Amino acid sequence: MNTITAVNEFVIRFANVNGTGSASANMLFAKSLFRMGIPVSPRNMFPSNIQGLPTWYDVRVSEKGYMGRRGENVDMVVAMNPQSFERDVKSLAPGGFLFYDSTKYIDTGKYRSDIQWIGVPLMEICQREYQNPRQRQLFKNIIYVGALAALLEMDFDVIKDLIASQFKAKQKLIPPNIHALELGYDYASKNFDCPLSIKVKAADLNKDKILIDGNTASAIGAVYSGATVASWYPITPSTSLVEAFEKFAERFRIDKETGEKKFAIIQAEDELSAMGMVIGASWNGARAFTATSGPGVSLMTEFLGLAYFAEIPVVLFDVQRGGPSTGMPTRTQQSDILSCAYASHGDSKQVLLFPSDPKDAFDIAADAFDYANRLQTPVIVMLDLELGMNDWISDELEWDDKREYDQGKVLNAEQLDKLERYGRYLDVDGDGITYRTYPGTHPEKGAFFTRGTSRDEYAVYSELGEDYVHNVDRLTRKFATAAELLPKPVIYKAKASAVCGVVYVGTTALVQDEMTDLLEQDGIYVDAMKIRAFPFHSDVKKFINKHQKVFVIDINRDAQLRTLLINEEDFDPAKLLSIRHYDGMPVTAVTIVEQMKSALGISDNSNAEKRA
Amino acid sequence: MNTITAVNEFVIRFANVNGTGSASANMLFAKSLFRMGIPVSPRNMFPSNIQGLPTWYDVRVSEKGYMGRRGENVDMVVAMNPQSFERDVKSLAPGGFLFYDSTKYIDTGKYRSDIQWIGVPLMEICQREYQNPRQRQLFKNIIYVGALAALLEMDFDVIKDLIASQFKAKQKLIPPNIHALELGYDYASKNFDCPLSIKVKAADLNKDKILIDGNTASAIGAVYSGATVASWYPITPSTSLVEAFEKFAERFRIDKETGEKKFAIIQAEDELSAMGMVIGASWNGARAFTATSGPGVSLMTEFLGLAYFAEIPVVLFDVQRGGPSTGMPTRTQQSDILSCAYASHGDSKQVLLFPSDPKDAFDIAADAFDYANRLQTPVIVMLDLELGMNDWISDELEWDDKREYDQGKVLNAEQLDKLERYGRYLDVDGDGITYRTYPGTHPEKGAFFTRGTSRDEYAVYSELGEDYVHNVDRLTRKFATAAELLPKPVIYKAKASAVCGVVYVGTTALVQDEMTDLLEQDGIYVDAMKIRAFPFHSDVKKFINKHQKVFVIDINRDAQLRTLLINEEDFDPAKLLSIRHYDGMPVTAVTIVEQMKSALGISDNSNAEKRA
Amino acid sequence: MSYMKKPQFYNPDLPKNELGLTIRDYEGSLSTLCAGCGHDSISSGIMQACFELSISPHTVAKISGIGCSSKTPTYYLGNAHGFNSVHGRMPSVATGANVANRDLTYIGMSGDGDTASIGLGQFVHVIRRQLNMLYVVANNGTYGLTKGQNSATLDKGSKPKKGPDNPWDSIDLVTTAIQMGATFVARSFSGDKQQLVPLIKAAVAHKGFAFIDCISPCVTFNNHAGSTKSYDYVREHNAVMNRMDFIPLQDEITTEYAAGTSSQVSLHDGSVMHLQKLAEDYDPRDKITALDNLQRHNADGKVLTGLLYVDPDASDTHDVLATSKTPLRELKEKDLCPGAEVLSSINASFS
Amino acid sequence: MSYMKKPQFYNPDLPKNELGLTIRDYEGSLSTLCAGCGHDSISSGIMQACFELSISPHTVAKISGIGCSSKTPTYYLGNAHGFNSVHGRMPSVATGANVANRDLTYIGMSGDGDTASIGLGQFVHVIRRQLNMLYVVANNGTYGLTKGQNSATLDKGSKPKKGPDNPWDSIDLVTTAIQMGATFVARSFSGDKQQLVPLIKAAVAHKGFAFIDCISPCVTFNNHAGSTKSYDYVREHNAVMNRMDFIPLQDEITTEYAAGTSSQVSLHDGSVMHLQKLAEDYDPRDKITALDNLQRHNADGKVLTGLLYVDPDASDTHDVLATSKTPLRELKEKDLCPGAEVLSSINASFS
Ligand SMILES: Cc1ncc(C[n+]2csc(CCOP(=O)(O)OP(=O)(O)O)c2C)c(N)n1
Ligand SMILES: Cc1ncc(C[n+]2csc(CCOP(=O)(O)OP(=O)(O)O)c2C)c(N)n1
Ligand code: SF4
Ligand code: SF4
Ligand SMILES: [Mg+2]
Ligand SMILES: [Mg+2]
């Protein structure tokens with residue numbers, strides 16, 4: 001039997017029952033590797049329920065720095081869930097390692113003989129060590145982490161330190177956790193040849209990096225960018241964004257003396273209300289946001305049209321999940337692109353931003369408030385579950401203390417006094433963006449009526465066709481202004497000159513390196529462009545025009561990004577080749593490369609099979 | 001001074017204050033011409049308010065059969081509104097006729113000298129004839145119709161007959177109305193050289209035609225197609241559709257003996273609820289519909305995604321108005337095309353039907369229920385205010401008594417008994433459409449759970465990627481089936497062979513003849529295609545492929561129809577030239593032709609100027 | 001009713017308030033509602049109240065939904081910002097606005113369709129949040145702007161202008177408001193300035209959520225066919241023409257009656273409404289009694305008017321959320337941004 | 001809790017009902033809710049009630065929104081069609097379904113988030129329409145499925161598992177239901193089968209809108225930190241890890257107490273709930289008294305359970321709409337289509 005041999009380059013899957021405390025233990029495992037300086041990408045696949053159903057946690061360890069999902073097959077499975085045991089055993093690559101609880105006898109031969117079985121009597125150890133049944137269950141998880149430490153030759157001190165720092169607030173929990181770790185460690189050391197042929201080795205690759213999820217990073221961005229009003233309605237996978245905002249606001253925004261809060265978070269009764277509150281707050285001059293997922297976006301549709309037409313800044317985080325409808329609430333997709341870009345009836349168009357990693361999410365979250373205010377329009381930050389709810393290795397977050405918040409074109413009382421006549425919708429600067437005033441600014445000047453109906457330049461209700469056309473053509477102009485204001489795409493040149501390009505948004509960035517390497521191995525060179533915003537910057541057009549063929553990667557069935565590109569820029573569809581992935585799991589480099597090669601007519605003899 | 005001379009080929013505008021009873025009188029005028037066998041197209045431009053604001057009613061008389069809006073300038077104005085008087089005077093073509101109330105002295109010279117002023121002391125006549133101030137106001141309208149009858153040489157008997165038939169239910173109202181008519185007729189006959197140089201002449205061009213609005217025609221279609229459940233929330237311009245449904249259902253669907261109603265109409269608390277009721281009723285086997293306009297569509301977005309994904313038939317009439325947001329609620333646009341086609345988050349796609357005249361609206365409304373049930377998906381009938389709320393000359397409505405309602409693939413108890421195992425989402429026929437059962441069908445077989453989440457072929461909840469993909473790919477297949485099931489486009493070949501085509505949907509059909517004639521006058525030949533449904537039939541692709549250049553007419557700013565064509569069929573955008581009109585007024589042939597010629601680089605020396 | 005130009009001259013003898021402003025300074029643009037519409041009377045009530053309270057108009061924010069009633073903010077306090085949002089969602093927009101700047105006065109205008117149908121959820125939840133605002137429903141039992149469909153506040157059995165008698169139970173907004181925790185709840189009649197203006201003043205002065213259900217007859221659409229009035233040519237004309245295209249100019253319906261007494265108000269179509277004013281010694285601070293009182297009068301077909309319930313010590317959303325006294329929108333970078341140094345420690349906690 | 005396979009054998013001695021069915025014929029698929037979740041007890045209450053009423057399962061239609069509670073219809077009456085619609089919108093879907101076929105029995109399942117927050121408008125309006133259905137709210141004061149946010153029915157001052165004490169007034173669903181015109185209104189406790197099953201039976205049998213507010217503890221999220229219970233390793237672990245990733249298996253909370261008495265139910269976290277059962281001689285037909293009674297007990301912090309209000313002669317939507325006795329969905333072309341000849345006359349009327 002072949003045995004997989006790998007150092008710092010493998011995938012280990014934890015198969016658990018949800019609600020059994022495994023998440024903390026698995027995170028402990030992943031973070032220990034992170035602290036050992038090894039690039040690692042943990043990924044949670046959880047069910048849409050609270051307790052008792054299968055949940056998986058894949059940890060990819062990759063010294064090469066490949067942080068995307070590798071594929072369905074893994075090198076090691078920690079199979080803790082009887083419900084999914086068969087399926088989990090199947091998911092192991094030949095020569096891989098199956099870690100299981102051997103308290104009850106399992107006829108391993110019945111399953112597979114081309115893998116290594118590593119049985120640790122976890123339950124037995126727990127029965128012996130703990131009286132309280134809850135402790136038994138919880139520590140079982142820590143014990144397997146301890147065993148893995150021995151099996152994979154992890155740095156035990158790193159794990160202990162991590163426990164110590166995690167339980168800083170509850171010191172007395174430290175010793176029992178360390179004890180549990182040692183129980184596993186000792187058992188494995190005694191009973192197996194440690195380390196296995198698959199193992200880790202300390203490196204120094206995570207300098208100046210942090211391990212953080214995208215929702216948290218976005219929330220910190222919102223705190224830094226001076227967001228004061230958050231209104232929301234709970235929905236997976238966006239909930240943790242607002243919860244993180246609350247956490248950091250509670251920490252940094254409460255006046256120590258008075259206890260006054262320099263923020264307000266309101267759990268709305270639904271998404272319509274959440275969006276209404278953001279609109280009201282922004283209209284009144286605060287920096288406000290909400291976060292939701294697909295169904296919430298659908299419910300906000302009417303209000304998004306109002307904000308577009310009445311020109312109210314809005315920041316909306318859409319943490320995308322599998323659609324349509326309730327769809328796959330705990331799976332990832334980028335399938336709200338069209339519904340967000342054209343949210344609402346009539347000729348509505350919305351600004352989209354596409355963060356691709358936590359640092360980017362932080363920056364884009366912070367910038368979003370400036371853009372929304374400058375452009376006086378909704379800005380939708382398009383995250384997805386993959387970015388929002390998983391921990392990623394990311395550059396450290398940065399802030400320039402000299403940065404000022406951009407509230408856009410707002411006139412104060414003095415400025416109003418100098419004006420002959422104020423026109424809310426007068427395009428004074430020719431960029432399509434007009435001047436607003438906040439309620440209460442001036443006793444006699446600058447008041448206007450905000451409405452979702454057509455109006456003239458002085459905000460007076462009008463049903464005249466010419467007033468309407470004048471106004472909506474200005475909005476088109478404003479979008480042209482937006483295109484050049486918003487972040488440019490990031491372009492990655494191939495090592496050799498390339499006739500093909502590849503274009504994507506958001507988390508697909510995660511597989512970019514691996515994809516490029518795989519293609520290069522076959523002598524294929526492709527320039528890549530990560531689009532960061534819609535409306536599209538002129539560089540997007542340039543990039544596409546420069547290449548003969550351009551692959552557009554869509555994490556949805558209907559090729560929505562490709563659609564948006566063609567719609568808005570009049571590219572010839574024949575030139576834009578569609579790559580699609582939409583089963584709810586994060587996309588793999590192999591999937592993309594296979595589709596690219598088949599589109600290019602290159603037979604698939606690459607290492608795809610070896611890896612998938 | 002030139003005086004316009006025209007027989008059966010002119011436009012007359014009635015400028016009134018809304019709420020003064022002018023609508024009935026103006027309709028009397030238009031319908032009289034219709035009964036005289038002259039093609040006529042009346043058009044109402046009303047404000048979004050109830051009483052006291054300007055409202056206009058344009059009647060185009062065209063023996064050539066041009067039924068589209070002609071343009072801003074008209075040949076005669078009946079100027080009854082002091083508020084808009086100046087503007088109305090301006091809207092008259094040189095040499096045109098200005099009909100006004102001369103009770104109070106007006107210095108006509110102050111306004112224009114290049115037009116004919118026809119003053120009738122309407123208020124004076126009313127003061128003299130009527131005591132009751134309300135009657136004075138109401139009959140004033142009838143008096144001017146009487147005066148016009150003389151001035152334009154209308155058939156007085158036709159008008160009298162019409163009054164008699166309209167007031168059939170209230171005989172005693174007939175004599176006073178006829179008296180008022182005569183007052184006007186006599187005054188005009190006595191004081192002016194009647195007829196004017198602009199006049200009508202009986203013809204025989206309206207045989208087998210009716211004068212009806214599109215909302216009413218749709219409602220009759222729904223009655224004929226067996227719709228039993230209508231739930232709705234009031235919104236202009238869709239309200240009259242449901243009101244007409246109620247009227248005809250009350251007339252034809254109440255059991256004479258028991259008084260039982262064979263229909264249920266529920267005014268919902270909002271559009272979300274209206275759509276929820278349609279979904280519930282359709283799920284349970286009834287033919288159900290709702291009607292709304294843009295803001296309602298936005299609110300129904302979440303539910304439309306559910307119906308798409310859970311595969312529930314829905315019939316939704318979207319009577320489009322000016323967007324975005326509340327927009328121009330009493331103006332016309334076709335600007336919900338994208339928001340309807342892709343309604344809802346995730347990869348959602350909806351079936352659209354585009355009726356283009358009342359007969360078509362009747363047919364499409366009736367067919368919509370069959371399509372929705374056969375396809376088990378929402379079908380959105382895209383009317384607009386222009387079609388829905390204006391009277392049109394139309395072919396008579398037809399019904400084949402042998403027609404059976406198509407409920408699609410529904411299994412009954414006997415069919416279930418014969419099945420080994422029933423799978424709600426098993427694609428037995430390979431067309432993407434699977435078999436459903438109604439609740440309560442069978443004690444043991446056929447029950448399933450309907451949900452908006454992912455599921456397997458047996459309707460069992462599933463989070464497996466492969467089940468999800470299998471299901472949504474089938475939905476794509478179902479849409480391919482739909483494309484060939486839905487009505488084909490209608491193609492109008494040019495008189496000579498044409499390299500260019502023009503494509504449109506809905507009410508743009510109204511200007512088709514005039515557009516073609518105008519182009520032909522300049523030696524330009526263009527084939528035309530009226531698209532009737534989305535997803536697009538293969539003939540749509542064929543037509544476009546056959547032509548070098550294709551104009552796509554959009555009654556919206558963002559070229560939404562063009563977008564949809566490019567998206568769905570991968571046409572080269574360079575080939576699809578966009579014609580757009582979006583000021584809320586119905587499009588004119590001249591507008592289209594001008595844009596076409598400028599796109600073709602032909603200088604504009606046509607008769608456009610003369611006519612606009 | 002609008003086609004008469006508003007007189008532009010200012011009467012130098014007009015009384016001035018503490019700010020030196022006259023009632024003219026509290027006007028908005030000319031109303032485009034129907035002649036005699038009750039809503040216009042509410043507008044003038046609001047002008048009068050703000051004038052008497054010497055509120056500087058620009059410190060008011062006027063927020064509304066969609067409907068004839070929701071149009072009215074354009075017709076008063078022209079120097080105040082207004083927001084005519086979307087149908088039924090005024091409460092959430094008002095909430096956001098208020099949270100952003102606690103220092104303005106918030107007036108929310110809504111209709112019975114806007115509040116009791118599409119907006120019911122938002123209505124209840126803004127009450128629960130105790131938003132410091134005056135929420136007025138111009139209650140006419142009908143959907144004025146969409147031409148006369150029954151609303152959810154229309155009494156069961158009422159005869160609307162079109163269609164059959166209303167078969168559905170009505171929602172009593174004042175009861176709902178008290179039940180859901182509103183701390184100032186009143187009902188009045190648009191044509192009763194003596195009662196309405198003081199109520200508006202008290203409501204604006206109230207800290208917390210103040211609700212006024214203001215009966216405001218739609219002279220055009222409501223309660224039409226129920227009339228037993230004699231022959232009306234217009235009505236028959238409209239019926240026969242199957243459309244409501246003639247809307248006679250009506251006079252405003254007004255009334256005046258003393259506390260503790262009742263008044264029968266005749267509507268234009270001849271139907272009659274029984275208003276019962278709370279007695280002067282009524283103590284509105286007892287919630288249970290207030291609800292009981294309401295129920296008893298409802299059962300008698302009487303419409304109780306006046307200040308039904310008030311909690312003079314109410315708190316508001318800001319109290320509950322403990323937000324800073326400085327309005328959130330006034331806070332600047334130094335107040336809001338934790339800064340680069342703190343960010344380093346945040347980074348450290350994720351490494 | 002689900003990873004134990006459901007036993008498949010049928011006990012031949014199980015009692016049979018009039019239809020010859022056993023309780024097993026009323027089951028659905030295995031629950032995936034947390035061990036001890038109150039919602040599962042409601043499911044078995046529904047099974048028991050339908051069994052005892054000898055309702056053929058396939059003549060029931062089960063409709064729900066989204067939430068743990070809304071998942072439950074999958075777990076009972078497997079031979080009945082079910083519709084798990086969207087969040088908060090069960091009432092409208094149920095209305096459409098009922099209007100289409102008046103002959104089935106309609107059970108709507110909802111949660112307190114589903115009903116009192118996003119769905120409040122639909123809840124009130126389905127009541128107004130008097131839909132003939134049983135509407136059950138599995139009321140746990142929390143959003144179970146999204147992991148424990150406070151709901152609008154959570155008592156003011158409650159301590160949730162995460163975050164500060166609940167500062168907002170709660171919505172009392174039974175009071176709201178009675179106020180809005182529901183004709184059968186009851187409250188019960190999921191763990192009190194003796195009370196719950198007869199109530200469900202009566203509600204299903206009731207013609208018109210029947211509402212049961214069923215208190216159903218969320219053993220995982222609700223009322224956690226308020227506990228004064230001694231040291232719990234799990235709790236501390238979760239607190240420190242800043243995530244709820246360990247959810248201990250809990251036992252169902254049950255109670256049994258006689259009419260007219262009260263019962264103190266201890267929740268898993270040690271907090272206590274005071275249930276007060278209505279006395280046997282309580283007459284639930286007087287609406288005003290029912291409301292009064294509720295208010296008085298609410299003020300005392302007591303949760304009144306039992307059949308609070310019923311109008312035994314209630315009518316339903318179909319009565320009001322006068323719809324045909326034959327279900328609308330059964331009507332065919334000959335019933336519905338006026339035919340070509342009539343169409344000619346319609347054409348004539350437009351020419
Ligand atoms: C989402 C949406 N649905 C429907 C409408 C149409 N609409 C405008 S006003 C109105 C009802 C207004 O009734 P009410 O609030 O009572 O105001 P009133 O006109 O009677 O003062 C409706 C249904 C709309 N504007 N938006
Ligand atoms: C439109 C929409 N918003 C939010 C959600 C997320 N969501 C799912 S269940 C739920 C709350 C459920 O609470 P409740 O109805 O009380 O049910 P429980 O889980 O407590 O039984 C929420 C907010 C959703 N599914 N749809
Ligand atoms: S329709 Fe009724 S509510 Fe609207 S303005 Fe006229 S009278 Fe007032
Ligand atoms: S989270 Fe709460 S409501 Fe949901 S299943 Fe678990 S115990 Fe029940
Ligand atoms: Mg109203
Ligand atoms: Mg709940």
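Given the structure is predicted, the values throughout are model-derived calculations rather than measurements. Here is the naming used below: chain letters follow the sequence lines, and residue numbers restart at 1 for every chain.
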- request: Using non-hydrogen atoms and a 4.5 Å limit, figure out which bit of B/Gln407 sits close to chain D: side chain, backbone, both or neither.
  value: neither
field: Top of B/Asp270, B/Thr453, B/Ile212 for chain D proximity - count of heavy-atom pairs under 4.5 angstrom
entry: B/Ile212
Contacting region of B/Ser282 [heavy-atom separation from chain D under 4.5 Å]: neither
- request: Measure distances from B/Tyr405 to the heavy atoms of chain D and classify the residue's part below 4.5 Å as side chain, backbone, both or neither.
  value: both
- prompt: In terms of heavy-atom proximity below 4.5 Å to chain B, should D/Ala94 be classed as side chain, backbone, both, or neither?
  reply: neither
task: Sort D/Leu77 into side chain, backbone, both or neither according to what part of it lies under 4.5 angstrom from a heavy atom of chain B.
output: neither
message: With a 4.5 angstrom heavy-atom cut-off, is it the side chain or the backbone of B/Ile312 that approaches chain D, or both, or neither?
response: side chain
query: Side chain, backbone, both or neither: which part of D/Ile66 has an atom under 4.5 Å from a heavy atom of chain B?
result: neither
message: Taking the six-membered ring of B/Phe449 as reference, does the cationic atom of B/Arg424 (NZ for Lys, CZ for Arg) lie under 6.0 Å from its centre and within 45° of its axis?
response: no
Region of B/Phe362 that comes under 4.5 Å of a non-hydrogen atom in chain D: side chain
- prompt: Is it the side chain or the backbone of B/Ile220 that comes within 4.5 Å of chain D heavy atoms, both, or neither?
  reply: side chain
- request: Go through the atoms of B/Val229 and report whether side chain, backbone, both or neither lie under 4.5 Å from a heavy atom of chain D.
  value: side chain
field: Toward chain B, the part of D/Pro338 with a non-hydrogen atom under 4.5 Å
entry: both
query: Could D/Arg89 and B/Phe303 be counted as a cation-pi pair, given that NZ or CZ must be under 6.0 Å from the ring centre and within 45° of the axis?
result: no
Interchain contact, D/Arg129 with chain B, by part (heavy-atom threshold 4.5 Å): side chain
- prompt: With a 4.5 angstrom heavy-atom cut-off, which part of D/Pro91 approaches chain B: side chain, backbone, both or neither?
  reply: neither
Under 4.5 Å from any heavy atom of chain D - which part of B/Ala288: neither
field: Region of D/Ser349 that comes under 4.5 Å of a non-hydrogen atom in chain B
entry: backbone
- prompt: Relative to chain D, which segment of B/Arg403 carries a heavy atom at a distance below 4.5 Å: side chain, backbone, both, or neither?
  reply: backbone
query: Do NZ/NE/NH1/NH2 and the carboxylate oxygens of B/Lys247 and B/Glu250 come within less than 4.0 Å?
result: no
message: Report which part of B/Lys209 has an atom under 4.5 Å of a heavy atom belonging to chain D: side chain, backbone, both, or neither.
response: backbone
message: Is B/Tyr438 in contact with chain D via its backbone, its side chain, both, or neither, using a 4.5 Å heavy-atom distance?
response: both
query: Under a 4.5 Å heavy-atom cut-off, does chain B meet the side chain of D/Leu104, its backbone, both or neither?
result: side chain
task: Determine, for B/Asp391 against B/Lys31, whether the closest basic-nitrogen to carboxylate-oxygen distance falls under 4.0 angstrom.
output: no
query: Tell me, side chain or backbone of B/Phe448 under 4.5 Å from chain D's heavy atoms, or both, or neither?
result: both
field: Which portion of D/Val124 sits near chain B, non-hydrogen atoms under 4.5 angstrom
entry: neither
task: Would you kindly check if the NZ (Lys) or CZ (Arg) of B/Arg451 is within the cone defined by 45 degrees around the ring axis of B/Tyr461 and under 6.0 Å from the six-membered ring centre?
output: no
Residue part contacting chain B, namely of D/Leu331, when any heavy atom lies under 4.5 Å: side chain
- line: Applying a strict 4.5 Å limit to non-hydrogen atoms, the region of B/Leu306 in contact with chain D is side chain
Which of B/Ile266, B/Ile265, B/Ile254 touches chain D most, by non-hydrogen pairs under 4.5 Å: B/Ile266
message: Less than 4.5 Å to any heavy atom of chain D: does that hold for the side chain of B/Ser273, its backbone, both, or neither?
response: both
